[in-house]
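One structure is given here, and the rest of the page talks about it.
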Number of protein chains: 2
Amino acid sequence: MNDDKNTEEKILNAARQVFIEKGFDGTRMQEIADTAGMNKALLHYYFRSKEKLFMKIFEITFKQFVPKMSGIFSSDTSFMDKIQLFISSYIDLLDKNPYIPLFIIRELSRNPNVIKELIFDKFEIIYNAIDLNVKAEIQAGRIRDIDTKHLILNTVSMCIFPFVGKPLLKHLFKTNDDEYRTILIERKNVVFEVIKKWISI
Amino acid sequence: MNDDKNTEEKILNAARQVFIEKGFDGTRMQEIADTAGMNKALLHYYFRSKEKLFMKIFEITFKQFVPKMSGIFSSDTSFMDKIQLFISSYIDLLDKNPYIPLFIIRELSRNPNVIKELIFDKFEIIYNAIDLNVKAEIQAGRIRDIDTKHLILNTVSMCIFPFVGKPLLKHLFKTNDDEYRTILIERKNVVFEVIKKWISI
DNA sequence: GTCTATATAGGGATAGAC
DNA sequence: GTCTATCCCTATATAGAC
């Protein structure tokens, strides 16, 4: 770790690490302090309470997790290319941050209210952008008549779940970490293939 | 609730309810006692510790969650029918127990060791049964040459993730609980359609 | 700003009466 | 078997010295 960062940054990094791995309930302020190489009192000096520190982390992480689809879906490549690009870059993002989806889901289920304080309007923009694309493609006869919601559900399910369910699936497949990761990377092609075959005329 | 159950049963029901909703870290023995309509001391009298009580619940729940695929995949209907039956009955199971997948995943990620003490050999049987089916179908030229692992990943991902990700997806789609549930039920057809188009020659 | 020491509460677990 | 009372440790949060 870089030691020439200011204290606040060090706390945020440590908190992020511990919260994401253990969740709010499983996290001890002491562990964050240890990870950051300081004492508990400093955490409270900078962020007042565990709850407030947590909210900061959740907010940052949430923004990172909700993908920059808007960009992808307003570019001028073909619809199929957009989908392929999304799947590929999303799996790459997950490969680099495998614990984030479970973190988000776990904490949202613990306290569904946190989400209301967040930038939820972005969701509407993202959904509308995708929906517009889908409807245009159907209209033009380039894809079958499918429901945008199910397209999203199918795509993100197949991208995210293998990361979330790893502790279980790893055993079902009798693979070690490296082998399982290889499978995850393969999915960049597989998921696109599945979606493509489904929506093609 | 039925009051003419014995105490142990009452505790297990209450514990199940609270543990599944809040997870091990988020659960208080006091809340289980309140839910069961008794005092904390009794929980310890029957199960000694929170950890031991939790393990009982986890074991029971895990067995319920790991589906009876073995049955389905050793029946003598066609392969496509088996897949359709699996998807349909699995989504029904999830519809009745929507919190279970997150519970399993959350606790496995908290403590990956719990799984080793469990009936893991069953996994091998299940996987082999499916793999045998898939290989036979490919050999016979009835489906394309696909990887069993990805077939499983795609299918369970599309079935389970919409339940796990509900707190987030519900907002993305701007649906209320009833509308979202309708979508989930629709997926019995959608998921099968997607898989079918993918594996068909 | 950063530390040590401590206040205060909460939660798992047990003792002991009935 | 079931209850109340309590032990004891842990965790958040603060006070106060430097």
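Naming: A, B, ... by sequence-line order, numbering from 1 per chain.
- Atom-to-atom, NZ of Lys50(A) to P of dT14(D) comes out at 15 Å; the value is rounded to the nearest Å.
- Within residues 23-31 of chain A, no residue is approached by DNA chain C to less than 4.0 Å at the level of any non-hydrogen atom.
- For Arg28(B) and Asp34(B), the salt-bridge test fails: no basic side-chain N is under 4.0 Å from an acidic carboxylate O.
- Summarising the geometry, the separation between CD on Glu8(B) and P on dT2(D) is reported as 11 Å, rounded to the nearest angstrom.
- For an aromatic pair to be called close, the ring centres must be under 6.0 Å apart, and Phe103(A) with Phe19(A) fails this.
- The separation between Tyr46(A) atom OH and dA13(D) atom P is 18 Å, rounded to whole Å.
- Taking atom CG of Asp34(A) as the reference point, atom P of dC3(C) lies 12 Å away to the nearest angstrom.
- Rounded to whole Å, the distance from CD1 on Ile32(A) to P on dA13(D) is 11 Å.
- Distances shorter than 4.0 Å separate none of the side-chain N or O atoms of Ser49(B) from OP1 or OP2 on dG12(C).
- Atom pair Lys10(B):NZ and dC3(D):C1' shows a separation of 14 Å (rounding to whole Å applied).
- The phosphate of dA13(D) (OP1 or OP2) has a side-chain N or O of His44(A) nearer than 4.0 angstrom.
- One can place CG of Asn39(A) at 14 Å from C1' of dA15(D), the figure rounded to the nearest angstrom.
- Contact between the side-chain N/O atoms of Tyr45(A) and the OP1/OP2 oxygens of dT14(D) is not found at any separation under 4.0 Å.
- Residue Leu53(B) contributes atom CG, which lies 15 Å from atom C1' of dG11(C) at whole-angstrom precision.
- Note that Arg187(A) lies outside the cation-pi zone of Tyr180(A), set by a 6.0 Å cut-off to the ring centre and a 45° limit from the axis.
- Taking the ring axis of Phe24(A) as reference, the NZ or CZ atom of Lys50(A) stays within 45° of it and closer than 6.0 Å to the ring centre.
- By the neighbour-count criterion of 12 heavy atoms within 6.0 Å, atom NZ of Lys174(B) is densely surrounded, having more than that number from other residues, nucleotides or ligands.
- Between Phe86(B) and the choices Asp81(B), Ile91(B), Thr155(B), Ile195(B), the side chain to side chain contact (heavy atoms under 4.5 Å, CB included) rule is met once, by Thr155(B).
- With hydrogens and angles ignored, no donor-acceptor pair closer than 3.5 Å exists between the side chain of Lys40(B) and the base of dG11(C).
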>> Determine whether Lys149(A) and Asp131(A) satisfy the following criterion, salt bridge (Lys or Arg N to Asp or Glu O under 4.0 Å), listing intermediate values before the conclusion.
In response: CA-CA 8 Å; Lys149(A) 294 187 187 69; Asp131(A) 195 39; over 6 Å; no
